[in-house]
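Heads up: the structure comes next, in structure tokens.
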Amino acid sequence: MKVRTRVAPSPTGDPHVGTAYIALFNYCFAKQHDGQFILRIEDTDRERSTSESEAQILNSLKWTGLTWDEGPDVGGTHGPYRQSERGDLYAEHAQILLDKGEAFRCFCTSERLDALRKEQMSSGAGKLGYDGHCLSLSPDEITQKLAAQETHVVRLKVPRDGVCKVTDLLRDEIEIAWSEVDMQVLLKSDGMPTYHLANVVDDHHMEITHVIRGEEWINSAPKHLRLYEAFGWEAPILCHLPLLRNPDKSKLSKRKNPTSIHYYQKIGVLPEALLNYLGRMAWSMPNEEEKFSLDEMIEHFNIDRISLGGPIFDVEKLTWLNGRWIRENHDIDQLAQRLMEWALNPKLLKEVLPMLQPRLDRLSDIGKFSSYFLSGHLELNAEQFAHKKLSSEQINQALVWGMWRLDELKAWEAEGISNALRECAVELELKPRDFFAPFYPAITGMKSATPLFDTMAVLGRDLVRARLRDASQVLGGVSKKGEARWKKTYEAGRKQRLEQQAQETN
RNA sequence: GGUCCGUUCGUCUAGGGGUCUAGGACGCCGGCCUCUCACGCCGGUAACACGGGUUCAAAUCCCGUACGGAUCACCA
């Protein structure tokens, strides 16, 4: 049997290094077995999925040097590779389960479920989940409700007792009691499948043999195994990889650590170094060599060499490794070439030059601007932020407010950034001029520079977030307590804003 | 809180009953090289979470505890 693995990102945000990490291991495993690696887009969440995000994920993954044998951009024999284009397949399969009596229709309202949830929480029994209410509906009642076009979902039937044995490639057999497994919604009321249904149906139809994914899925593995069994399909081999962590050991998240592949690209990390570093996460070469190419990794890959403790993503060590790649794998011509591609490429130049042209009296004036367009982090000190009217706490607050507000932004472009930040100024009752003052040193290292919003747009979301965080740090940072207090005010403002928005759209 | 997964230097890791006085790498510290810095080279710092068992012998196997993480959605 041909080994087939896949990575299945959801296009709901910036391309995440965690996606590249999971993709890398799937890729190596497949290639080591002379198999195929597939890219599938899981965009069943219509609310959050965007095609821009999908394009960025594809581009970023390609940038790392990973390639896929089948995918939405390259096609393949098991397509389409976008779940939103596989539409009816899921509804058909939900119907199959309904017919087999392995699933049931549930007409419960979200109000009832919320109430149920609250009750379960307060009773403190520790048992949460659907109570099986609609399981007792008679066929007549169901036909009646269907005729009345009541909205409903389809849920999976799950045994009430016994244990599910999950076989994981890296661990001993994992036992999870069926009573712990919720009667998962398979088909949402909008007719779209949930992850669980779509994932199982697609993995089966795409003939995936090994599911290598993050550890966060262990607890829902029984649902998946149940589905395979209900369909009468053979389940793939499961393998759960340890999660990448923040320095505080929590799951890697953008609030605490830059997670976007764009960010690493922007600070000048070489794709081969990033992939190399990700390969060192939870895995090591048999000879313990730290630096290796993708081909070398495939050649020596052995999934048993994965260690299970969750590795902390250490930017410092990545930087060291990147330095080795720069020094050891490039002569001067090659390095010049890399630099041209990275910084002096027409795309970046064309983005930046319109801002620069009015400010250039001599070509050499480019030097002071390139300092912040080409830098990763800036060297800042508190004096740069001194303001004649505002206290350093106010300045800090402005930066933090901006950082939070910017995180809510769906699209990253100058106008949206401008609007969002202007709203912050209003909320903090500061004149725009005063509010924006600290953003110049934070983003550019200078009191005045190119237009803030265009500059931020070019620098990208993660680098901007990182620089704002640096600046806040220089101003003394935010204590846990202080953050909680600010957060409360911020959230109140946010709520008001959203309500206003809702009114406007109505 | 329930369930599940994990735990070797600050960090990434090697090791999977004796070869462990626990090895390598990042970081940090010191030195060499050198017009400076960096690179490079040399050296130092620092860990088997804890308690019981099994065994002639435990970092390694078993049990418990502690700690960390994940998960408990009509999100993936």
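Every chain is numbered from 1, with letters handed out A, B, ... down the list of sequences. The shown structure was predicted, so the numbers you read here are calculated from the model rather than taken from an experiment.
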State whether A/Arg465 and A/Asp462 are salt-bridged, where the test is any N-O pair (Lys NZ or Arg NE/NH1/NH2 against Asp/Glu carboxylate O) under 4.0 Å. yes
Applying the 3.5 Å cut-off to both distances, the Watson-Crick or G-U partner of B/C32 turns out to be B/G40
Can you check whether A/Ser284 has a side-chain N or O nearer than 4.0 Å to OP1 or OP2 of B/A14? yes
Whole Å only: how far is the CZ atom of A/Arg213 from the C1' atom of B/C5? 14 Å
Would you call A/Arg6 and A/Asp202 a salt bridge, taking side-chain N to carboxylate O under 4.0 Å as the test? no
A quick test of your reading: do over 12 heavy atoms of other residues, nucleotides or ligands sit less than 6.0 Å from NZ of A/Lys100? yes
From the options B/A76, B/G2, B/C12, select the nucleotide whose nearest atom is closest to the side chain of A/Glu180. B/G2
Answer for the Watson-Crick or wobble partner of B/G18, both distances under 3.5 Å, is B/C56
Measuring only the P atom in each nucleotide, how far is B/U7 from B/U60? A whole number of Å is fine. 12 Å
Which nucleotide in the set B/C74, B/C5, B/U13 lies at the smallest distance from any side-chain heavy atom of A/Ala282? B/U13
With rounding to the closest Å, how many angstrom separate the C1' atoms on B/A66 and B/G16? 24 Å
Which listed nucleotide (B/C4, B/G6, B/A76) is nearest to the side chain of A/Ile218? B/C4
Is the CD atom of A/Glu328 crowded by more than 12 outside heavy atoms at less than 6.0 Å? yes
Please assess A/His262 against A/Trp412 for the test ring-ring contact (aromatic ring centres under 6.0 Å, His included), listing each intermediate value before the final yes or no. CA-CA 13 Å; A/His262 286 147; A/Trp412 189 257; over 10 Å; no
Return yes when atom CD of A/Glu408 has more than 12 non-hydrogen atoms of other residues, nucleotides or ligands closer than 6.0 Å, and no otherwise. yes
Do A/Val269 and A/Tyr263 come close enough that some side-chain heavy atom pair is under 4.5 Å? no
Rounded to whole angstrom, note down the C1' distance from B/C9 over to B/C29. 15 Å
Would you check if A/Glu296 and A/Lys291 make a side-chain contact, meaning some heavy-atom pair closer than 4.5 Å? no
Checking all strands, does A/Gln184 fall into the base, sugar-phosphate, or nothing category for heavy-atom contacts under 4.0 angstrom? nothing
For nucleotides 65-71 of chain B, which of its nitrogen or oxygen atoms have a protein nitrogen or oxygen under 3.5 Å away, and what is each distance?
from	atom 1	to	atom 2	distance (Å)
B/A70	OP1	A/Lys251	N	3.1
B/U71	OP1	A/Lys251	NZ	3.1

Thinking salt bridges, do A/Glu290 and A/Arg324 make one under a 4.0 Å N-O criterion? no
Assigned partner base of B/C4, Watson-Crick or wobble definition, under 3.5 Å: B/G69
Write out a two-atom table: protein N or O, nucleotide N or O from nucleotides 40-47 of chain B, distance below 3.5 Å.
none

Starting the side chain at C-beta, find the nucleotide from B/A76, B/G6, B/A25 nearest to A/Tyr195. B/A76
Residue pair A/Ala103 / A/Leu186: nearest heavy atoms and the distance that separates them: CB-CD1, 4.3 Å
Quick one: are the ring centres of A/Tyr228 and A/His224 less than 6.0 Å apart? no
Look at the side chain of A/Ser189 against the base of B/C74 and say whether a donor-acceptor pair falls under 3.5 Å; ignore hydrogens and angles. yes
Picking from B/C75, B/U13, B/A73, the nucleotide nearest the side-chain atoms of A/Arg280 would be B/U13
Calculate the interatomic distance between A/Arg48 atom CZ and B/A73 atom P; express it in whole Å. 15 Å
Does the side chain of A/Phe231 reach to within under 4.5 Å of the side chain of A/His204, using non-hydrogen atoms? no
Just the rounded figure in Å: distance from P of B/A73 to CG of A/Asp190. 18 Å
Neighbours of RNA chain B within residues 286-313 of chain A, by heavy-atom distance under 4.0 Å: A/Glu288, A/Glu290, A/Arg305, A/Ser307, A/Leu308, A/Gly309, A/Gly310, A/Pro311, A/Ile312
For A/Asp45 and B/C74, give me the distance from atom CG to atom C1', rounded to whole Å. 10 Å
